[in-house]
Amino acid sequence: MIRLAWPDLGEEELAAIAEVLETGQLTMGPKVAEFEHGLAAACDVADAVVVSSGTAALHLAVLALGIGPGDEVIVPAYTFPATANVVALAGAKPVLVDVDPETMNVLPQAVTDAITERTRAVLVVHLFGRPARWEELEAAVPDGMALLEDAAGALGAQRGKRACGGLGRLGCLSFHPRKIVTTGEGGAVTTGDEGVAAAVRTMRHHGWSSDDMPTPGLNYRLSDVLCALGITQLRRLEALLEQRERLAAAYSERLPDGIRLPGADDGDRHGWQAYVVQLDRRNEALNALRGAGIEAQIGTYALHRLGAYAEQGPFPGADEVYERALALPFHNRLTRHDVDRIAEVLTSHVSE
Ligand SMILES: *Cc1c(COP(=O)(O)O)cnc(C)c1O
């Protein structure tokens with residue numbers, strides 16, 4: 001069996017966890033601040049606030065901006081559902097817009113067309129780690145409108161020389177095991193806006209602000225045990241990225257014509273959260289891979305095809321990608337031989 005994902009964990013992580021266990025301080029301790037400093041530096045922003053998941057980061061980001069009933073937030077029609085769910089749960093309306101099948105990221109023109117007087121923000125996703133065309137998006141919205149980043153899969157990615165997670169008013173990261181840096185579950189809000197950082201910090205901890213509770217909050221904290229895991233991985237981020245770049249190159253050498261390969265714009269650095277190709281008869285390819293003992297998966301979801309968002313659409317770009325995208329095994333235990341086996345199955349699929 002060739003697995004889809006496999007977190008890169010070892011002795012260093014074990015030692016880091018053991019060290020926290022020995023201190024007896026499992027939460028709200030020094031590892032939280034240390035992980036936050038590392039993340040802020042990686043995204044080139046003043047502040048990072050760690051939370052219990054990427055979804056928690058997105059949820060607190062929306063709440064920290066005061067987005068609620070009567071407001072609209074523009075989100076891609078093709079993304080992990082949490083991007084839209086947090087907007088809906090805050091009482092606002094997630095307004096879906098179509099994506100470019102080539103990049104799988106949101107179409108700037110579709111963003112412009114969706115703006116109304118209720119639009120409070122655009123939640124841009126760097127899908128699977130591919131940096132969105134940021135300047136085009138900035139030009140697509142009125143001056144001063146908040147562009148937010150769902151950078152859940154984009155830690156380490158760069159748009160030109162600028163780090164993803166540091167492009168917008170705020171960014172949201174995830175440390176789920178299918179992301180490049182993992183804590184099992186975890187996430188962070190990155191921002192240069194002091195007010196946003198303070199609001200997220202307050203709301204992840206029940207709404208406490210020194211000895212008062214001015215507004216109700218949640219418990220979205222991340223434990224010191226998990227921060228210690230994250231710190232060790234974040235130190236290796238460059239090496240982890242380079243390994244994935246080599247693996248992506250191996251795939252692109254071996255995969256046959258007739259498959260659309262992932263990539264980033266010239267001058268950008270892909271974050272390689274996942275390796276997602278597009279091809280005809282995707283479901284058949286998925287079955288052929290599974291039949292050969294290779295774990296593969298669809299890319300992500302077309303939200304208008306889920307019950308919660310079924311009243312919006314049509315989105316032909318999102319439909320196309322939803323039907324054609326295929327995530328291939330992508331982790332550091334994958335051997336050249338594994339890549340050969342995967343390429344063989346796909347070569348016979350496209351020649352059928
Ligand atoms: C993984 C992911 C999320 C959710 O992160 P969790 O940590 O699993 O809650 C949200 N958006 C995108 C684009 C993701 O890839």
Side-chain angles (χ1 to χ4, degrees), residues 4-5 7 35 39 43 48-63 73-90 94 96-97 99-100 103-106 121-132 137 147-157 159 164-165 167-168 170-190 200 204 218-223 226-227 229-230 233-234 244 262 264 270-276 297-303 306 308-309 318 321-322 325 327 330-331:
L4 180 64
F35 191 28
L39 290 166
C43 294
V49 185
V50 295
V51 294
S52 52
S53 70
T55 303
L58 289 162
H59 193 197
L60 292 190
V62 167
L63 295 177
V73 176
I74 295 173
V75 302
Y78 184 69
T79 180
F80 190 69
T83 317
N85 286 347
V86 296
V87 175
L89 285 172
L96 309 187
V97 301
V99 299
D100 177 354
T103 65
M104 301 188 260
N105 283 331
V106 83
V122 183
L123 186 41
V124 177
V125 181
H126 305 292
L127 199 65
F128 308 128
R130 178 181 180 133
L137 288 161
L147 287 180
L148 317 176
E149 298 174 80
D150 179 343
L155 178 57
R159 175 67 182 169
C164 290
L167 301 170
L170 59 81
C172 297
L173 305 175
S174 164
F175 311 123
H176 180 272
R178 273 191 71 190
K179 321 292 178 180
I180 193 159
V181 163
T182 185
T183 58
E185 298 284 0
V189 177
T190 53
V200 172
R204 79 169 168 188
L218 295 147
N219 174 3
Y220 277 176
R221 299 184 305 261
L222 190 63
S223 83
L226 298 182
C227 288
L229 260 185
Q233 308 226 324
L234 191 58
R244 286 177 179 232
H270 203 298
W272 294 120
Q273 183 247 318
Y275 192 84
V276 180
Q297 192 50 272
I298 64 163
T300 189
Y301 297 90
L303 301 189
L306 300 173
Y309 306 108
V321 187
Y322 177 64
F330 200 58
H331 53 81

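All of these numbers come straight from a predicted model, not from anything done at the bench. We count ligands from 1, going down the list as the structure has it; atoms in each ligand are counted the same way.
For atom 5 (O) of ligand 1, the nearest non-hydrogen atom of the protein is S174 OG, 3.3 Å. The protein heavy-atom contact nearest to atom 3 (C) of ligand 1 is F80 CD2, 3.5 Å.
Residues T300 and Y322 are not in side-chain contact: their nearest non-hydrogen atoms beyond the backbone lie 4.5 Å or more apart. Using a 4.5 Å cut-off on side-chain heavy atoms (C-beta onward), V73 and V122 make no contact.
In terms of modelled atom types and a separation under 3.5 Å, the side chain of Q233 and the main chain of T182 share a donor-acceptor contact.
Of all atoms in ligand 1, numbered sequentially from 1 with element shown, those under 4.0 Å from a heavy atom of D150 are 10 (C), 11 (N), 12 (C), 13 (C). Residue contact check: A152 has heavy atoms under 4.0 Å from atoms 2 (C), 3 (C), 10 (C), 11 (N), 12 (C), 14 (C), 15 (O) of ligand 1. Within ligand 1, counting atoms from 1 as listed, the ones closer than 4.0 Å to a heavy atom of V125 are 13 (C).
With T83 as the partner, the side-chain contact (heavy atoms from CB on, under 4.5 Å) test is satisfied by one option alone out of L123, L96, L148, L127: L123.
Nearest heavy-atom pair across V50 and L39 is CG1-CD1, 3.6 Å.
Within the 4.0 Å heavy-atom cutoff, K179 counts among the residues contacting ligand 1.
Between G153 and ligand 1, no N or O atom pair is found at a separation short of 3.5 Å. Of the N or O atoms in T55, one or more lie within a sub-3.5 Å distance of an N or O in ligand 1.
The closest side-chain donor-acceptor pair between H176 and E185, if any, does not fall under 3.5 angstrom.
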